[in-house]
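The structure under discussion appears below in the form of structure tokens.
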Amino acid sequence: MAAGAGPITPPRAAEKILGVARDLFYRRGIRAIGVDEIVKRAGVTKPSLYRSFPSKDELAASYLKVYDKEFWARFDEAVTAHPGDPRVQILAFLTRVGKRTQKPGYRGCGMTNAAVEYPDHDHPARVVSEENKRELRLRLRKMAADMGAADADTLGDGLLLLIEGAYISGQLFGEGGPAKSVARNAELLIAASLA
């Protein structure tokens with residue numbers, strides 16, 4: 001152990017469970033993964049899981065809340081890097097989305113995937129997903145208004161449709177697919193909307 005470093009503490013059961021669930025849920029889908037597999041891979045017991053997460057549904061919602069924080073961190077990073085320039089902000093974000101969709105193992109947006117898996121609007125996972133998408137829609141519409149678009153709501157919604165299309169086509173086509181050009185298509189849509 002390095003001088004001044006404290007002892008390394010193993011992750012708590014809840015953190016282990018959430019980490020394992022997160023990986024499995026993203027790669028294989030929430031419904032495809034059972035609690036037994038999660039506890040086995042996390043090296044914990046079922047009672048440990050249920051002490052931390054009252055149900056698999058709550059575990060799925062917790063996974064998506066972490067995903068949500070990471071999503072907004074990426075989005076806000078693009079915004080912060082280009083203060084006062086919403087056009088460049090959204091293009092910077094979408095450039096990263098386009099690159100991420102080309103990586104091996106890309107499975108799209110966890111929020112979108114969860115919304116597809118859970119059509120019941122009251123399901124805890126669906127609630128988190130819908131909140132994320134509603135907030136994204138609001139932010140894109142505001143960015144479109146800040147760009148000076150005559151019809152900001154339509155431009156914001158068009159950008160949202162491009163983003164969702166990139167998430168899905170990234171899964172379908174992988175490397176070299178249409179998602180790689182999402183930023184360029186957004187640039188064309190923005191230019192047409194501001195003309």
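Along the sequence shown, residues carry numbers from 1.
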Strictly distance-based, threshold 3.5 Å: is any side-chain N or O of Y118 a donor or acceptor partner for the main-chain N or O of H123?
no
List in chain and number order the residues that pass salt bridge (Lys or Arg N to Asp or Glu O under 4.0 Å) with K180, two or more places apart in sequence or in another chain; answer none if no residue qualifies.
none
Give the minimum heavy-atom separation between I90 and M147, together with the two atoms involved.
CG2-CE, 3.9 Å
Looking at R184 and E187, is any side-chain nitrogen of the basic one under 4.0 Å from a carboxylate oxygen of the acidic one?
yes
Pairs touching residues 88-114 that satisfy salt bridge (Lys or Arg N to Asp or Glu O under 4.0 Å), sequence neighbours left out
E77-R96
Go through the side-chain N and O atoms of S48 and K16 and say whether any donor and acceptor fall under 3.5 Å apart.
no
A14 to S52 - nearest heavy-atom pair and separation
CB-OG, 3.3 Å
Between F75 and W72, what is the ring plane arrangement, given parallel below 30°, perpendicular above 60°, and tilted in between?
perpendicular
Would you say T101's side chain and G170's backbone share a donor-acceptor pair under 3.5 angstrom?
no
For the residue pair T80 / D76, report whether a side-chain donor-acceptor contact shorter than 3.5 Å exists.
no
Main chain of N113, side chain of Y167: is a donor-acceptor contact present, judged purely on distance under 3.5 Å?
no
Is R22 salt-bridged to E15, cutoff N-O under 4.0 Å?
no
